[in-house]
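Taking it in order: structure first as structure tokens, then the write-up.
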Amino acid sequence: MVSVATGVLSAVLEKISTLMEEEYGKLKGVRDEITSLKDELRSINALLLKLSDIEELDVQVKEWRNQIRELSYDIEDCIDNFMHRVDSSSDNSDAKCFFRKVIHQVRTLGARHAISNDILKLKARVDSASERRLRYNFDAAISNSSAIVPVDPRLPALYAEAESLVGLDEPTNDIIKWLTEGDGDLVQKLKVVSIWGPGGLGKTTLARQVYDKIGRQFDCRAFVSVSQKPDMRKIFRNILISVTGVEYIGIEAWDEERLIIKLRDFINCKSFTNTYFHGKMQNRYFIVIDDIWSTTDWQTIRCVLLDRNIGSRVLATTQISYVAESCCPADQDKVFEMKHLSAVHAEKLFLKRIFGSGDSCPPHLKEVSNGILRKCGGLPLAIITMASLLVNKPQTKEQWEKYRDSIVENDPIVNQMQKILSLSYTDLPHHLKTCLLYLSTFPEDFIIERDRLIRRWIAEGFIATEGGCSLEEIGEDYFNELISRSLIQVVGIKYDDRANTCRIHDMVLDLIVSKSIDENFITFIGYHNRVCGLQDKVRRLSVKFHHQEGNTIPSKRVVSCTRSLTVYGSTNHMPPISDFQSLRVINIENNDTLENYYLTGIGRLFQLKYLRLIEVSISKLPEEIGELQQLETLELEHTKIKELPKGITRLKNLVFLRADYTSLPEGVGNMKALQKLSWIKVNSSTLSTTLHEMGSLTELRYLDINWCIGDMCSDMKSYTESFGSSIIKLCMHKLQYLRIRSEGNQGCSLSFLLNSWSCPPYLLQKFDMYTKYYFPRIPDWIASLSKVTFLDIKVNPVSEEAFRILGNLPALITLWLWTKTVVPKRRFIVHNVGFKHLKEFYFGFWRIEMGPINFEVGAMPKLQKFLFDIKAQGAGPPFGDFDIGIEHISSLRHLRIGIDCIDARPCEVEVTEAAVRNVTSVLPNNLQIEIERHRAGQMVKEKMGSTDDGEQNRGVGKHQE
């Protein structure tokens, strides 16, 4: 497993073990050196892991660590190159291969001799590093570094003046309301409220405001900070001294058990006996537990917080969502998710810190001020930091633009902010630190897709197998963990409530860019605010071009060890792909100058696992692409490539293939590892045997086909039979998602899918039609989809019988149903039978003249989002008793009504919109309502109610892939 802390030492140790098993007897003269090298590296690996947990390293120790980490990459490259040279895929089991075997052994003698020499050289470098460690007494320096206790950078938040705060009134009142609810209930147990949100959002400040406002209403109170490496004895001592008001003699020597017993005895005495304390009977306490980092720490503190303390309250703060939830297991407990400041409050805080008043900004600074606030993204810590930098600077546009475009890292104010943000990074386990730093390879404000990111993590070697889970499942756990720790922000959520896109806050991005440069983890070229000098060896390279000149392009020697190449934009100055001899990942986007010859020599990149080309001018893949036997992901998105080379069928380890509007060559059945096949075109030039071969892809889980065969095709029957046969076979194995497109092809019928299949696709979880074709009825096999959670289907007409069939699908969560008319007209009833788990329902396209929809009481009992499109064409007064009849859906939270204006006259649009507004005017105020006009593909969106952008992005538009 590759790690920012240890480089590739873990992988090297595993590969040395493999080398010893397979080649040990043939590597004469260096056997002892290999064993010694492995032992030494194992010790060094343990030390590097220890060093990664120390925040501030001695400068010599840091340099030594960096050299060892770079050495690990060199060792792995050496072993990989050797194993590639000696590896033979031929079967030497029969007599015919005897001479081939002899030739192979002769040819590899040179490779074995070369690696023997390389091992001796590498062993000498490792020994030299170990000697330097002893010579400079690094162990003592390490001990001294680990003994330093840093000052808590959050201390100022505890003592912030109330008048200097902005945007905290409403959160403070909400939390006080939660804490004080039920105070008159004498049987109420202990109540816990937790505040959750990313670092720098003001959780500690908010908790302090609540504490100061209501703390004196309780008989005793305490405010304690936990931190990442808590001293539990100190925490318990502080709580005990605060709630009792007593300075106990010798308390510093008490152990945890004695402190817990003393606290429990005191709290029990306060609550359940008529003991008087300071002349008054005490029975209620209020304790704030600030900055909790683990559920284990909370469970330890929970030992003194007894459930039966009537009227007592606890307020906890944390940056981790699941820690917040663990603090609040009871029904009366609540989690408060802290939000970023609104644009109004952010501007007020910014201007108040600079000018002493948040009322107005000088006109000449307004535009640049808005740019600074966009970069701060509503994060109070970032806003205060930027304001503090500017308060004593000349109030000129040029000066402010300088700070907007780049943060001065050596400034003490900026360092203080980064220390606070670094707390979240420091608390991460090693593997998550690596995965987070990798996100710095993306530009600012880049929307990052989860599955694509996970595939890159896998290709880079950041994910290790554990238990019985797949690498993709483990990668998704990593992704969700970074969300839970508030280090990445969710942008899009799929129908199944799984986050599928994210972005990074600009300030977090600045932090991880700084750390990536410091660790030589990623080298950046062309980014105006990411300045880094080229190292002797670039391990990962991220390049961003805007047709500008003057960027330093690395030489062949520098990039020969590069493992990852990410390019955004066009340039003619990149080194040829063949210079990058160690690449695992290639990602090139938005390059309209890239010629076909650039990929010449790509077949020699024997370690390449991930190749993605998006919006590039390349029109042909070289045949040598078939040499990439380690390739797992191939994405060709919006390229000029129309055909895939025959050699692609030799990619035995390819798992994911997306090739927009391209046809598969014959031989696709050899690609046994394929799990996802997307955007593949099937037309009259596709061989029916190729369609038949698809049935042998037994690992295929996802199939997205663009069906371009019209009804007039002379060989239509052969195509449909081959495709149908393959689909049946795939569904008997692992196929879970089936999408069929026929974009722009009016004559492409899917009627061959209408009849019952010989074996129903029981395993399908998603079925999606992206076509102009409508089934005349619900196909028979749909009723057998007991596991389907997502269904996007076109049926015309739609009858109540169709609703009955769809409603009986037991696992259905999301339904997109398209039609042109309904039966019966003028009265359509959605009955209260079926759809027991449906959460999202899209119904399009309705016409006003069809009459009202009537949902019976209890219909769709879990529906949360109803998306409804109405055709304006042909509408005219009077529109009668048109209604969408959703008043019986008590679970509904979001209603979106789209008005399709295509081919409609203005008066028809107005009539339709008037009818819609008339209906929505009487709906509950807490229902989020959107009305949209569709004008030639454009959306004119009007928001009604308190809709926030996060919810709009969630399921309002067409589902995301």
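Index from 1, following the sequence.
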Hey, does the side chain of E624 reach the backbone of G603 with a donor-acceptor pair shorter than 3.5 angstrom?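 Yes, because the side chain of E624 sits within donor-acceptor range (under 3.5 Å) of the backbone of G603.
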
Charged tip of [X] within 45° of [Y] ring normal and under 6.0 Å:
X    : Y    : answer
R741 : W679 : yes
R540 : F521 : yes
K544 : Y568 : no
K433 : Y425 : yes

Judged by modelled atom types alone, do [X] and [Y] share a side-chain donor-acceptor pair under 3.5 Å?
X    : Y    : result
K38  : S17  : yes
S582 : Y73  : no
R456 : T566 : yes

With heavy-atom distances below 4.5 Å as the criterion, would you say the side chains of Y610 and R584 are in contact?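 No, side chains not in contact.
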
Geometric class of the F442/F446 ring pair [parallel <30°, tilted 30-60°, perpendicular >60°]: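 Parallel, since the angle between the ring planes stays under 30°.
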
Mind telling me whether Y478 and H431 have parallel, tilted or perpendicular rings, with 30° and 60° as the class edges?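 Ring orientation of H431 relative to Y478: tilted.
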
Counting only heavy atoms not in E615, do more than 12 fall under 6.0 Å of its CD?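 Counting other residues, nucleotides and ligands, CD of E615 exceeds 12 neighbours.
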
